[in-house]
Amino acid sequence: MMHRVSRDHREGNGWLGGRAGQTRLGWSALGLACVFGALAFVFAVPFDARLCAVMSSACLNLFIVAFGTRLSAARAPAGEPVSKTSLRLLRLAFQRNSEAADMRGLLRSLPWQGWIAPLGALFSLAFAISAWTSPAYAPTVSQRESAPFLVAGAAALVIAFAALVAERFHAQRAAQSRESAALAGPLRLVLVAALSMAASVAALAYAGEALTWLVRIVALLSGVIAVELGLRALLAALAKPGDDRFLHSTIAGVLSVQARPVAALNAQLRMRYGIDLRQNWALQSFVRLLPGALAAMVVAGWLLGGVTILGPDQRAVYERFGAPVAVWQPGLHVGLPWPFGRARVIDNGAVHQLIVSGSANDSSRAAPAVSADGDTPAQLNRLWDVTHPWETTQVIAGTSGAQQAFQIVSADVRLDYRVGLTDAAARASLYRAVAMDDTVRSIANREVVRYLASRTLPSLLDTPQTAMAGALRGAVQRELDRLASGIEVVAVVIESVHPPAGAAAAYHGVQAAQIRAQASVVQAHGFAATALGQAQQQAIETVALGSANAADTLAAARAQQIAFDADVIAQQFGGPAFGFEYYLHSLQKGLKNASVTVIDDRLASGSRATIDLRTLSPAAAAGMKKAW
């Protein structure tokens, strides 16, 4: 009889019942809080760490409720002051011959138990604040298909099921035990946190977007409950030893769902009309067929998982039992459901642009969209004296006079690529490249550095950007083809190649000096050409003038020679008369414009010579008689 009573008592309490069950639940909550708290601060976790912080906060709240009352009641009786006990403990710690029994006795006499619950509430609030303020997690396509998401979702569902079982157990005993009533609320919080974790993991795995609003709601609820429990635990720690304070959360108790509409409707119908729904044949048939219908729906949903609809910008590599068997084009396709068949979606000709000099997590755009009347983005400023974002700086070879030196060049290079359009390229991009952006960026960055290092700054500035882009595109494509990555380089865009912004003023000065020197040389050549032309013109004019004068002199001499010859011939034929006439003609021509004074010895001294100064007309002169 006694064995039967003890067995009934064990069956009534179960694994979660009684003081032992409460202890197991508290230690389990503390273990989960430690595990999730450690995962929340591990940056290498391939899923949202905010979910771990929320779960840790909820589990700490459950631990506080499970052990808080007992820890507050387990304080040491009133004795000597805490300060004196602490001094004795420090003295024993520094003594070599101190006994361990004395130290354990002093540790037990310290009232440390009542401060565990406020400290746990403080940690819970810190985790809730961390979940609220931490940035959202954005997984890549390859990370979304990794195993950690499946493991995290499965673990969240297992914890949710365990929390639901424990909550139902304590909810049924809430009327008989205030401990069960106090534990039901934090268990519901753990259930909500686990379900939100599963939903967030599913959203990250299938849509790539984190449910930030859901995480923040659960974090806010857990933080408020932690503040309430911390205040209650602090008041319990500061209260007198004789006060009976039971640690519970009123806010967590609000999460309970008391409404049971079906049971209330059945009670009303039985009381007013005598109809008992539990006796209804149709309802019983519905309840009896419901499990089979649910199972059929689950099986139908699982079979529909093999149906894949691909948009115009999508392709998929279909895997059957883990081996790729086909590449599906846009449209409707039917295959085996998971895990026997799987369709891995990839791009269908979509062009991606990345910044060669950027980092692996760089999600910035080359030229963001702006309004027509808005300010010009800083990325479009191509002046040398402005520092441009995402530029790579490279040390290249140069010359300084007759010696070798080093120079610095800055370049902003963008690369456009896409997955090849063939089936082989689709398979290669999926299985040979883990992260296409990182692979293409590393190869392109290496080729850009190699290209810049093999040239000097003047040659880079003189080379057309189209030729530079073509050479880089060919080098990157050859390297990608060598790796059989299935990636096609569409274009390489050279945004800018110039000296660093700090050396822009000096480089502009050097260029201005070179331009001035070249202008001076050209100006000197112009002056020399002008002087030479003027000298040639003067020489030609002098030669022409001399030639003309010589020709005139020669012609005059020839004319005089001809006239002299004619006079000689006339003298021969005319005799002395010609000579006298020639003499008179010459005398007349010589005296024509001369002042003449006539001296004649035959003139008497008393008579005066008369000179007629009148101007005679030709008619009057013709009638006058010559004097000789």
Side-chain angles (χ1 to χ4, degrees), residues 384 398-405 407 455-467 498-499 503-600 609 611-622 624 626-628:
W384 289 9
T399 57
S400 177
Q403 297 180 353
Q404 294 183 352
Q407 293 176 332
R455 286 160 176 81
T456 60
L457 182 59
S459 65
L460 288 175
L461 297 179
D462 295 338
T463 303
Q465 292 187 359
T466 54
H498 56 81
Y507 197 83
H508 290 167
V510 172
Q511 285 187 325
Q514 292 178 350
I515 292 173
R516 287 194 296 269
Q518 292 177 359
S520 300
V521 171
V522 172
Q523 187 177 7
H525 283 299
F527 290 156
T530 302
L532 180 61
Q534 292 177 354
Q536 291 177 350
Q537 182 180 0
Q538 292 177 359
I540 292 173
E541 290 178 353
T542 304
V543 171
L545 182 61
S547 298
N549 294 333
D552 292 341
T553 304
L554 183 60
R558 288 177 180 176
Q560 291 178 1
Q561 180 67 34
I562 293 172
F564 180 76
D565 293 338
D567 291 340
V568 170
I569 295 173
Q571 175 69 26
Q572 292 176 0
F573 287 100
F578 176 79
F580 183 72
E581 185 180 358
Y582 184 83
Y583 167 76
L584 294 177
H585 176 72
S586 300
L587 184 62
Q588 182 182 5
K589 185 169 62 174
L591 297 176
K592 183 178 181 178
N593 296 324
S595 297
V596 180
T597 302
V598 179
I599 303 173
D600 191 354
I611 299 176
D612 191 359
L613 299 176
R614 294 175 297 174
T615 302
L616 300 176
S617 62
M624 292 182 67
K626 295 183 178 181
W628 61 84

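Residue indices begin at 1 and follow the sequence shown.
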Out of curiosity, [X] [atom1] to [Y] [atom2], how far, rounded to the nearest 0.5 Å?
X: Q523; Y: R516; atom1: CD; atom2: CZ; result: 13.5 Å
X: T542; Y: Q538; atom1: OG1; atom2: CD; result: 7.0 Å
X: Q536; Y: L532; atom1: CD; atom2: CG; result: 4.0 Å

